[in-house]
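Notes follow the structure.
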Amino acid sequence: MRKKIVAGNWKMNKNYTEAQELMHELDRYKKNNAINCEVYIAPPSLYITTAKNIFLNDNVGVFAQDMSEHTSGAYTGEISADMLASVNATGAIIGHSERRQYHGETDSHCNRKVKLALDKGLVPIYCNGETLEQRKSGQHFEVIKNQTEVALFTLSAEEIKKVVIAYEPVWAIGTGETASPEQAQEIHAHIRSLIAAKYGQEVADEISILYGGSVKPDNAKEIFSKPDVDGGLIGGAALKIEDFTAIIKAFD
Ligand code: PEP
């Protein structure tokens, strides 16, 4: 059975004091409530060690928001897979649309990063998704196919099973616009069928595919109810404990 997951991407938000506060609130919530999904957070990497110290029993997965495509060396500002593994990070988000938009990241970069992450035992959350123009011109299925193939299809079946995929239509990220549950389901099923065609249905059925793009407490349940939607990657609503936990509760 594939995992149900709610993952919070904090982006470049919260100073150290605020970050610790939110981590403690989430830790308390997790300890005091029965929860029916895995919970991950991706705080700024600077706070990963703190997060690991707060979530002592590993009850919350702790992810980086990105990682380097290089192994080590003269790459100022970069953080390697080995460094993340050495502080016991759970994994890294790879290929977020903001990395693509502002830092020129491509699916070839993602492919190298995913492989490096897996080699160090990290879970990659690989993000893809079409722009508004691509959707309007009916290219979304093809765009997703290309992204998925370039970023992931050099992996072995054993490797790809360890990847979490996040479908995040660019037009829905931070905009308040959400893909309808039907639109999300349609693309998730498409991604799963691409994986099934290459690796077999059994492998495809093991991979969690998350939806990301303005998931909020009031729409999470309906989106997560779709058969190929295994949870969400949450931006804005991950920054307030009430909203994030309400989204976690969508799996009750
Ligand atoms: C994201 O950045 O991954 C995201 C889904 O953001 P938001 O929920 O704010 O749209």
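Just so it is clear, the model here is predicted, and its values are computed rather than measured. Numbering of ligands and ligand atoms starts at 1, following listing order.
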For atom 1 (C) of ligand 1, find the nearest protein heavy atom and state the residue, atom name and distance (0.1 Å precision).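 Here the nearest protein heavy atom works out to His96 NE2, 3.2 Å.
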Suppose we measure from atom 8 (O) of ligand 1 to each protein heavy atom; which comes out shortest, and what is that distance?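 Here the nearest protein heavy atom works out to Gly235 N, 2.8 Å.
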Who gets closest to atom 3 (O) of ligand 1 by heavy atom: Glu98, Glu168, Lys11?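 Among Glu98, Glu168, Lys11, the closest heavy atom to atom 3 (O) of ligand 1 belongs to Glu168.
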What atoms of ligand 1 come closer than 4.0 angstrom to any heavy atom of [X]?
X: Gly174; result: 7 (P), 9 (O), 10 (O)
X: Gly213; result: 5 (C), 10 (O)
X: Asn9; result: 2 (O), 3 (O)
X: Ser214; result: 7 (P), 8 (O), 10 (O)
X: Ile173; result: 1 (C), 2 (O), 4 (C), 6 (O), 10 (O)

Any N/O of [X] closer than 3.5 Å to an N/O of ligand 1?
X: Gly236; value: yes
X: Ile234; value: no
X: Gly212; value: no
X: Thr175; value: no

So do the side chains of Ile41 and Phe55 get within less than 4.5 Å of each other, counting heavy atoms only?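 Answer yes - side chains close enough.
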Do Val150 and Ser108 come within less than 4.5 Å of each other through their side chains, counting heavy atoms only?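 Counting from C-beta outward, Val150 and Ser108 do come under 4.5 Å.
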Give a yes/no on ligand 1: does [X] have at least one heavy atom closer than 4.0 angstrom to it?
X: Ala172; result: yes
X: Ala237; result: no
X: Lys216; result: no

Determine yes or no for a side-chain-to-main-chain donor-acceptor pair under 3.5 angstrom, with Glu69 supplying the side chain and Arg112 the backbone.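 No; judged by distance alone, with no hydrogens or angles, the pair does not exist.
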Is it the case that the side chain of Lys14 and the backbone of Leu239 share a donor-acceptor pair, with hydrogens and angles ignored and the cut-off at 3.5 Å?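 Yes.
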Tell me whether the rings of Phe251 and Phe224 are parallel (<30°), tilted (30 to 60°) or perpendicular (>60°).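 Plane angle under 30°, so parallel.
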Taking only Lys NZ, Arg NE, NH1 and NH2, and the carboxylate oxygens of Asp or Glu, determine whether [X] and [Y] approach each other closer than 4.0 Å.
X: Arg135; Y: Glu130; value: yes
X: Lys113; Y: Asp107; value: no
X: Asp252; Y: Lys221; value: no
X: Glu159; Y: Lys162; value: no

Please step through salt bridge (charged side-chain N to carboxylate O under 4.0 Å, His left out) for the pair Glu98 and Lys11, ending with a clear verdict. CA-CA 10 Å; Glu98 287 150 17; Lys11 311 192 187 190; 2.8 Å; yes
